[in-house]
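See below for the structure under consideration.
Atoms considered below: every heavy atom in the structure, side chains included; atoms not considered: hydrogens, waters and symmetry mates. Naming: A, B, ... by sequence-line order, numbering from 1 per chain.
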Protein chains: 2
Amino acid sequence: MVKSSRPTISDVARAANTGKTSVSRYLNGEQNLLSDDLRQRIEQAIARLDYRPSQMARGLKRGRTRLIGLIIADITNPYSVDVLSGIEAACREQGFTPLVCNTNNEINQEQHYLDLLRSYQVEGIVVNAVGMREEALNRLQQSALPMVLIDRKIPGFACDMVGLDNNQAATTATEHLVQQGFEAILFLSEPLGTVNTRRERQEAFRRTLSRYPHVRAESAGVPLHDSETLDTTLRQFHASHRGMRKAIISANGALTLQVARALRRLGLNWGSDVGLLGFDELEWAELAGVGITTLKQPTWQIGYAALEQVVSRIEGNSEPVREQNFSGELIIRGSTAR
Amino acid sequence: MVKSSRPTISDVARAANTGKTSVSRYLNGEQNLLSDDLRQRIEQAIARLDYRPSQMARGLKRGRTRLIGLIIADITNPYSVDVLSGIEAACREQGFTPLVCNTNNEINQEQHYLDLLRSYQVEGIVVNAVGMREEALNRLQQSALPMVLIDRKIPGFACDMVGLDNNQAATTATEHLVQQGFEAILFLSEPLGTVNTRRERQEAFRRTLSRYPHVRAESAGVPLHDSETLDTTLRQFHASHRGMRKAIISANGALTLQVARALRRLGLNWGSDVGLLGFDELEWAELAGVGITTLKQPTWQIGYAALEQVVSRIEGNSEPVREQNFSGELIIRGSTAR
DNA sequence: CTGTTAGCGCCTTCAT
DNA sequence: ATGAAGGCGCTAACAG
C-alpha cells in the first residue's frame with residue numbers, strides 16, 4: 001500500500017524507529033540532545049521520505065508562523081519593487097516568508113488584506129506607503145501587530161518608520177539646481193495633504209532657496225494622473241519666467257514620468273528649454289533625451305532595514321518608536337546641465 | 001480578566017451560547033441549516049469579538065490552505081510585475097492568496113522556494129519563467145502540485161502554460177519592419193538555448209523574411225549583461241551593411257533596455273541611424289529619443305489566465321495539458337519610422 | 001537521552 | 001436543527 005499524501009512527522013518517527021518528539025527535536029536544532037545513532041536514523045528517514053515539516057501545523061501549535069505581511073499600494077511602481085527586493089532578501093536571511101499584498105491603490109483593500117494577514121497569523125507587517133492614498137494609510141492604524149512603515153508616517157500614529165532623509169535629499173537637489181545657474185525653480189509634487197514626505201521635501205526646498213534670494217521659488221501640487229492640470233501648471237511656469245533659466249523638481253518617480261510626458265506634449269525639451277530633476281532613480285533616466293538628473297534613494301537598503309526592524313520587534317524589542325532615514329544620492333545627467 | 005490572544009471559534013461559540021459546530025457551519029456557508037435566531041447570535045458574537053478564523057488551523061484540518069505559490073525569477077522586470085498584478089487580481093476573485101517567491105535569478109533558490117511552498121502547503125504553483133535561467137527552470141519539474149508556467153515551456157515536461165503567441169507576434173513585428181523599408185534586420189535575443197520562446201520568435205522572424213528575399217536576415221544571441229558582446233555585435237551589424245536601411249529586433253524588454261544603452265554608447269540614434277523594435281511594452285518607450293516601437297504583450301491577462309488555469313486544476317480539472325497563447329499588439333513609434 | 005501525552009483552532013462524522 | 005467528540009501535524013511539558 002502506498003501513502004498518498006505528504007509524509008508527516010509520525011511517518012518519519014516510524015521510519016526512524018523512534019517517537020515524534022525526537023524527530024521534532026531534530027527539526028528544531030536541539031540536535032545536541034540526541035545520540036549520534038538516533039540522529040542519523042532520523043536524518044536518513046527524512047531524506048528517504050523527502051519530508052518537510054508543515055508550517056501550518058507548526059504555526060498552529062507555536063503561534064509562530066514565520067510569515068510577514070507586506071502591504072504595497074502599487075506593485076507597478078519601480079520604487080516599491082526595489083524595496084520589496086530588499087525585504088525579500090532580509091526575509092530569507094531571517095527565516096521569514098513574505099506574504100505580499102498588493103492593494104492596487106483601491107480604497108478598502110487595506111481592510112481586506114489586514115483581515116487576510118490576520119487570518120494567516122502573520123507575525124508582523126511592513127507597509128510600503130509609496131503611492132498609497134492617505135485614507136488608505138490611515139485605515140492601517142488598528143493593527144496590534146508589530147508594524148513598520150516605509151517612506152511615510154501616519155499622522156498621529158507612533159510607529160516605526162524607515163525612509164529617506166527628505167531634508168538632506170531635497171536640500172542637495174535644490175542646491176544643485178542653484179549651482180547650475182537656474183533662476184526659477186518649480187517644486188512639483190502630488191497634493192501635499194498631510195503626507196510628511198511631500199511636506200518635508202517641499203519645506204527643505206523652500207528653506208534652501210530662501211538662502212538664495214535671487215532664485216525664484218514656486219511650488220505646486222498636481223494629482224498624478226491629471227494631465228490637464230499638469231500641462232497647465234507647466235505651461236504657466238514656463239510662460240511667467242520668460243528669459244530666465246528655469247528648472248523643475250519632481251517629488252517622486254511616478255510623477256517624473258508624467259512630467260516628462262507633459263513636457264513632450266508641450267514641446268519643451270529638458271536640458272535646453274527647462275531643467276529637470278526627479279526624486280527616485282529611473283532605469284531609463286539616461287535614455288530620455290539628454291538624460292534626466294535624479295535623486296536616487298537606497299531603496300533596497302530601505303526595504304532591508306524595514307524588515308530587520310519588524311523582526312526585532314517580533315523578537316521582543318520594545319524600545320521607543322524608531323525612525324530611520326537614509327541618505328539619497330544625486331545622479332547628475334543632461335537635464336540639469338548648464 | 002482579559003483574553004490576550006486572538007479569539008477562537010470556541011470563544012465565539014461561548015459568546016453566542018452555542019457549540020463550535022454551529023459556528024463552523026456558519027463560517028462555511030451552511031447557513032441554511034441554522035435557525036434565524038442562532039445565526040444572528042453567531043453573527044453578533046463574531047462582530048463583537050472581531051473574530052477571524054485561522055487559516056492555519058483550517059489548512060491543517062482540511063488540507064486546503066487557499067495559498068498559491070508564485071515563483072518569479074526577477075521581480076525587477078516590469079513584465080513580471082504586470083503579470084503578477086493579473087495573478088493577484090484573479091486570486092482575489094477566486095479567494096486565494098498568493099505567496100510570492102522571488103528567486104532573484106539565483107540558482108538553487110528554486111529548490112529553497114519549492115520546499116518553502118510545500119511546507120506551507122500551497123495548493124498550486126504559478127511559475128513566471130520570464131528572465132529565468134534554464135537550469136533553474138528545469139529544477140522545477142519535481143513538483144507534484146498543480147502547476148502552470150508563464151511565458152515558457154520546460155522541454156520534455158508536459159505542463160499547462162500560458163504566454164504569447166510568439167509566431168503571430170514575431171511575424172507582425174518583422175513584417176512591420178519590411179513595410180517600413182528596412183533592408184537588413186538583426187534579430188537579437190539572449191542565447192537561444194532550449195528556450196522555446198526565443199526559438200519560436202527567431203524562427204518566425206526567419207520564416208517571415210524568407211518571403212522577402214531582398215531583405216537580409218541576421219540573428220545573434222547575446223547574454224543580457226555582457227555589454228561588450230552587445231557592443232561588438234551591434235557595431236558589426238552596422239558596419240557590414242553600409243548604405244542599407246538597418247533595423248534591430250530585440251526579443252524582450254530587458255534586452256531592449258541594454259540595446260538602447262549600447263546604441264547610445266556607440267553614438268547611433270534609433271529612428272535615424274538604425275531602426276529598433278522591441279518585444280514588451282516599456283513605460284518610457286515614448287520618451288526615449290524619437291520613441292521606440294514595441295510589441296506589447298497582454299501581460300495582465302496572461303497572469304490572470306494563468307491563475308485561472310491553476311485554480312481549475314485545483315478544483316479537479318484533469319483535461320490534457322493546455323497551452324494558451326495570447327496575441328501581441330504592435331505599438332508603432334519613431335524608432336521604426338521611414 | 002528518549003518516549004508519552006495533551007492540546008493549538010478548526011472541521012467532520014456521528015448522535016441527538 | 002444542534003452539539004460532542006476525535007483528529008489534522010506538530011510542539012511542549014512531563015516522565016522515565
Are OP1 or OP2 of dG3(D) and a side-chain N or O of Ser22(B) less than 4.0 angstrom apart? yes
N/O donor-acceptor pairs under 3.5 Å from side chains in residues 68-78 of chain A, not counting sequence neighbours:
| residue | atom | partner | partner atom | Å |
| --- | --- | --- | --- | --- |
| Asp74(A) | OD1 | Thr76(A) | N | 2.9 |
| Asn77(A) | OD1 | Tyr79(A) | N | 2.8 |

Does any N or O donor sit under 3.5 Å from an N or O acceptor when you compare the side chain of Arg6(A) with the base of dG9(D)? no
Does dC1(C) have OP1 or OP2 under 4.0 Å away from a side-chain N or O of Tyr26(A)? no
Between Thr299(A) and Asp82(A) (side chain of the first, backbone of the second, donor and acceptor by atom type, cut-off under 3.5 Å), is there such a pair? no
Would you mind telling me which residue lines up with the more 5' stretch of DNA chain D, Gly19(B) or Ala57(B), judged by nearest nucleotide? Gly19(B)
Starting at atom CD of Gln55(B), determine the distance to atom C1' of dC11(C), rounded to an integer number of angstrom. 13 Å
Using atom OH of Tyr51(A) as one end and atom C1' of dG9(D) as the other, report the distance to the nearest whole Å. 7 Å
Under 3.5 Å, is there a donor on one side chain and an acceptor on the other for Tyr120(B) and Arg52(A)? no
For the base of dA12(D), is there a side-chain donor-acceptor partner from Thr21(A) under 3.5 Å away? yes
Send over the distance from Asp11(A) CG to dG9(D) C1', rounded to a whole Å. 10 Å
Rounded interatomic separation in angstrom, taking CZ from Arg64(A) and P from dC10(D): 16 Å
At less than 3.5 Å, do the side-chain atoms of Arg25(A) and the base atoms of dT2(C) form a donor-acceptor pair? yes
Grab the CD1-P distance between Ile42(B) and dA1(D) for me, whole Å please. 14 Å
From CZ of Arg66(B) across to P of dC10(C) the rounded distance in Å is 17 Å
Measure the CD1-CZ distance between Ile46(A) and Arg48(A) for me, rounded to the nearest 0.5 Å. 11.0 Å
5'-most contact on DNA chain C: Leu60(B) or Asn17(A), nearest heavy atom basis? Asn17(A)
Among the nucleotides dT2(D), dG3(C), dG9(C), whichever has the atom closest to the side chain of Leu38(B) is dT2(D)
Exactly one of Gln324(B), Lys153(B), Arg313(B), Arg322(B) should register a side-chain hydrogen bond (donor to acceptor under 3.5 Å, both in side chains) with Asp160(B). Which one does? Arg313(B)
Leu27(B) CG - dC10(C) P separation (whole Å): 8 Å
Is there a donor on the side chain of Lys61(A) or the base of dG7(C) sitting less than 3.5 Å from an acceptor on the other? yes
Look at Ser35(A) and dT2(C) and indicate whether a side-chain polar atom (N or O) is within less than 4.0 Å of OP1 or OP2. yes
Picking from dC11(C), dG9(C), dT11(D), which would you name as closest to the side chain of Ile9(A)? dT11(D)
Protein-nucleotide distance (Met56(A), atom CE; dC10(D), atom P), rounded to Å: 12 Å
At less than 4.0 Å, is any side-chain N or O atom of Arg62(A) found next to OP1 or OP2 of dC8(C)? Yes or no. no
With sugar-phosphate meaning primed atoms plus P, OP1 and OP2, does Ser24(B) contact a base, only sugar-phosphate, or nothing at under 4.0 Å between heavy atoms? base
Under 3.5 Å, is there a donor-acceptor pair between the side chain of Arg39(A) and the main chain of Tyr26(A)? no
